[in-house]
Engineer: 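Below are the structure tokens for one structure; questions will follow.
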2 protein chains.
Amino acid sequence: MRDTIDDWPTGRLLSVAARLVEQRWRESLERIGLSHAGLIVLHLVERDPLPLGELARRARVTAQTMGRTVEHLERSGYVRLVADPSDRRRKLVERTEEGGRVFDGIGAIEATVFPTVEQAAVLRMSLLQIIRHVGGDPEAPGPDGADDGPARAERG
Amino acid sequence: MRDTIDDWPTGRLLSVAARLVEQRWRESLERIGLSHAGLIVLHLVERDPLPLGELARRARVTAQTMGRTVEHLERSGYVRLVADPSDRRRKLVERTEEGGRVFDGIGAIEATVFPTVEQAAVLRMSLLQIIRHVGGDPEAPGPDGADDGPARAERG
DNA sequence: TGACAATGCTCAGCAAGCTTAGCAATTGGA
DNA sequence: TCCAATTGCTAAGCTTGCTGAGCATTGTCA
């Protein structure tokens, strides 16, 4: 009875699948100096600049992690940090032209990176359920401010 | 039109969901000095000791990463490293009694950590599809040796 | 047998999660 | 007005992914 992955708990399958897909992304992204985390940021600031903390909330990571990811993006020239005149504690993250070009070119390969699954819609729905259940819903505050609930700080 | 997570690509949802679930695990595991990665190892060596490389293949991580995870487990006293007399390059990873006790106590909380999803069976099937598609099937060699395919080295 | 390739593991270094601790700016109440 | 709490971000340190490089052992073949 050779141990087989079919018996693994779902949480473990989730971790492994996510890691493998992220790795596959890395293979596509590394040649343009972008990471999967950076890709998410470029996506989030597609329309308007956002403060660092708001980015963190939306991506469900801590402000510290987001700070470092943005720092790398900035070094690559894909985003720019702008001081918020209305609140000097804040730094707004803004996409550069180069960042926009790179991001727009990526949409095409998105389909080739993520493998085809039979019941994709159900998969999406399940993942959203998990995220909502475990991670809360940090999108309530809205893009123009961050006055509402903390992202996932209810455990600190 | 406030940006909402529902529009995110599935790969990104997968990453976020996996991370959130892993964090929840950490909250339960940290008080006993165990990590999610360590938990997987304790699971894999439940029956018999396995060489480090075989563990890496089954968990779909690199040998270096597995080496470090096992090192931490060893420091916590949950596994033991035994030299393989038949191949002195190898180190067999073996669960200690303490490791067995801890692992057995964890099964109970497994259900409380992973949230309930409506179509759990479809979710599992989808995750397995992704893993098989992206990560290959490194379980072919069998537990008593590692003579077959490399885990995910076809890209090196 | 002796040289070369393959295998198993380790070391060093990077990215991206996390935590705790801390500084600066803003807000709010006495 | 002024002090204290809150908020936004940074610093330092840990784990776990990764890569590339390197050492020891084993296997293979001339």
Side-chain angles (χ1 to χ4, degrees), chain A residues 15-16 18-20 22-27 29-30 33-41 50-57 59-73 75-76 81 83-93 141 145-148 150-153 155-156, chain B residues 15-16 18-20 22-27 29-30 33-41 50-57 59-73 75-76 81 83-93 141 145-148 150-153 155-156:
Chain A
S15 293
V16 171
R19 200 160 34 69
L20 291 175
E22 271 192 48
Q23 275 176 244
R24 186 174 256 211
W25 264 113
R26 185 181 314 146
E27 297 170 23
L29 293 177
E30 64 184 359
L34 200 56
S35 68
H36 191 248
L39 178 61
I40 294 180
V41 173
L50 288 176
L52 220 151
E54 180 65 20
L55 281 177
R57 262 184 294 276
R60 270 79 169 175
V61 300
T62 62
Q64 297 88 321
T65 294
M66 184 52 76
R68 222 173 6 184
T69 298
V70 165
E71 185 182 311
H72 291 152
L73 274 178
R75 221 183 297 149
S76 301
L81 283 174
D84 184 338
S86 74
D87 187 338
R88 285 178 313 182
R89 291 170 302 182
R90 280 194 186 168
K91 298 180 173 179
L92 298 176
V93 179
D147 47 3
D148 195 316
R152 8 180 302 273
R155 143 173 75 79
Chain B
S15 293
V16 171
R19 200 160 32 71
L20 291 176
E22 271 192 47
Q23 276 177 240
R24 186 173 255 210
W25 263 113
R26 185 181 314 146
E27 296 170 24
L29 293 177
E30 64 183 359
L34 200 56
S35 69
H36 191 248
L39 177 61
I40 295 179
V41 173
L50 288 176
L52 218 152
E54 180 64 19
L55 281 176
R57 262 185 294 276
R60 271 78 169 175
V61 300
T62 61
Q64 298 91 315
T65 293
M66 184 52 75
R68 226 172 5 184
T69 298
V70 166
E71 186 181 312
H72 292 152
L73 273 178
R75 221 182 297 147
S76 300
L81 284 174
D84 184 338
S86 73
D87 185 339
R88 285 178 315 181
R89 291 170 302 182
R90 280 194 186 168
K91 298 180 172 180
L92 299 176
V93 179
D147 47 5
D148 194 317
R152 8 179 301 273
R155 141 175 77 80

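Letters go in sequence order (proteins before strands), and every chain restarts at 1.
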Engineer: OP1 or OP2 of dC18(C) sitting under 4.0 Å from any side-chain N/O of T62(A)?
Structural biologist: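 True: T62(A) side-chain N/O within range (under 4.0 Å) of dC18(C) OP1/OP2.
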
Engineer: Whole angstroms only, please: what is the NZ-P distance between K91(B) and dT10(C)?
Structural biologist: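 For the pair K91(B) NZ and dT10(C) P, the rounded distance is 4 Å.
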
Engineer: Reckon R68(B) has a side-chain N or O less than 4.0 Å from the OP1 or OP2 of dT16(D)?
Structural biologist: no

Engineer: Between R26(B) and E22(B), does any side-chain N to carboxylate O distance fall below 4.0 Å?
Structural biologist: no

Engineer: What I'd like to find out is whether the side chain of H72(B) reaches to under 4.5 Å of the side chain of S35(B), using heavy atoms alone.
Structural biologist: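 No - every pair of side-chain heavy atoms lies 4.5 Å or more apart.
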
Engineer: On the nucleotide dT16(D), are OP1 or OP2 found under 4.0 Å from the side-chain N or O atoms that T65(B) carries?
Structural biologist: no

Engineer: Closer to the 5' end of DNA chain C via nearest nucleotide, is it D87(B) or A37(A)?
Structural biologist: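 Checking each residue's closest nucleotide, the 5'-ward one belongs to D87(B).
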
Engineer: Show me the protein contacts with nucleotides 21-24 of chain C, counting only N or O atoms at under 3.5 Å.
Structural biologist:
none

Engineer: Start with the C-alpha distance between L92(B) and L50(B), add both sets of side-chain angles, then the distance that settles side chain to side chain contact (heavy atoms under 4.5 Å, CB included), and finish with yes or no.
Structural biologist: CA-CA 5 Å; L92(B) 299 176; L50(B) 288 176; 6.0 Å; no

Engineer: Provide the closest heavy-atom pair for H36(A) versus S15(B) in the form atom of the first, atom of the second, distance.
Structural biologist: CE1-OG, 3.3 Å

Engineer: Using whole Å, report how far NE2 of H36(A) lies from C1' of dA16(C).
Structural biologist: 12 Å

Engineer: Roughly how many Å is it from CG in L55(B) to C1' in dT16(D), rounded to a whole number?
Structural biologist: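 Atom CG in L55(B) sits about 16 Å away from atom C1' in dT16(D).
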
Engineer: Write down the distance between CD (E71(B)) and P (dC11(C)), rounded to a whole number of angstrom.
Structural biologist: 8 Å

Engineer: Where do G38(A) and L34(A) come nearest, in terms of heavy atoms and distance?
Structural biologist: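 Smallest interatomic distance, heavy atoms only, reads C-CD1, 4.3 Å.
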
Engineer: Return the set of residues passing side chain to side chain donor-acceptor pair (under 3.5 Å) with R68(A) (not counting sequence neighbours), or none when no residue passes.
Structural biologist: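 Result, side chain to side chain donor-acceptor pair (under 3.5 Å) vs R68(A): none returned.
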
Engineer: Check this for me: does any side-chain nitrogen of one of E54(B) and R57(B) sit under 4.0 Å from a carboxylate oxygen of the other?
Structural biologist: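 Here E54(B) pairs with R57(B) in a salt bridge, since their nearest N and O are under 4.0 Å apart.
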
Engineer: In whole angstroms, how far is the C1' atom of dT15(D) from the CG atom of L34(B)?
Structural biologist: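 One finds 13 Å between C1' of dT15(D) and CG of L34(B), rounded.
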
Engineer: Separation of L39(A) atom CG from dA15(C) atom P, in whole Å?
Structural biologist: 17 Å

Engineer: By side chain to side chain donor-acceptor pair (under 3.5 Å), which residues pair with T69(B), not counting sequence neighbours?
Structural biologist: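 T69(B) satisfies side chain to side chain donor-acceptor pair (under 3.5 Å) with no other residue.
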
Engineer: Quick check on dA15(C): is either OP1 or OP2 less than 4.0 Å from any side-chain nitrogen or oxygen of T69(A)?
Structural biologist: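 T69(A) to dA15(C) OP1/OP2: no side-chain N or O under 4.0 Å.
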
Engineer: With R89(B), which residues qualify under side chain to side chain donor-acceptor pair (under 3.5 Å), at least two apart?
Structural biologist: D87(B)

Engineer: Applying side chain to side chain contact (heavy atoms under 4.5 Å, CB included), name anything that partners A18(A), two or more places apart in sequence or on another chain.
Structural biologist: L14(B), A18(B)

Engineer: Per the end-axis method with five pairs at each terminus, what is the bend angle of the helix from dT1(C)-dA30(D) to dA30(C)-dT1(D), to 10°?
Structural biologist: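 About 0°, once rounded to a multiple of 10°.
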
Engineer: Which residue lies toward the 5' end of DNA chain D, S35(B) or E30(A), if each is placed at its nearest nucleotide?
Structural biologist: S35(B)

Engineer: Quickly work out the R88(B) CZ to dA24(D) P distance and round it to whole Å.
Structural biologist: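 My rounded result for the distance is 12 Å.
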
Engineer: Whole angstrom is fine here: how far is it from CD in E22(B) over to C1' in dT15(D)?
Structural biologist: 11 Å

Engineer: By nearest heavy atom, map H72(A) and P85(A) onto DNA chain C; which one lands nearer the 5' end?
Structural biologist: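 Per heavy-atom nearest nucleotide, the more 5' residue is H72(A).
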
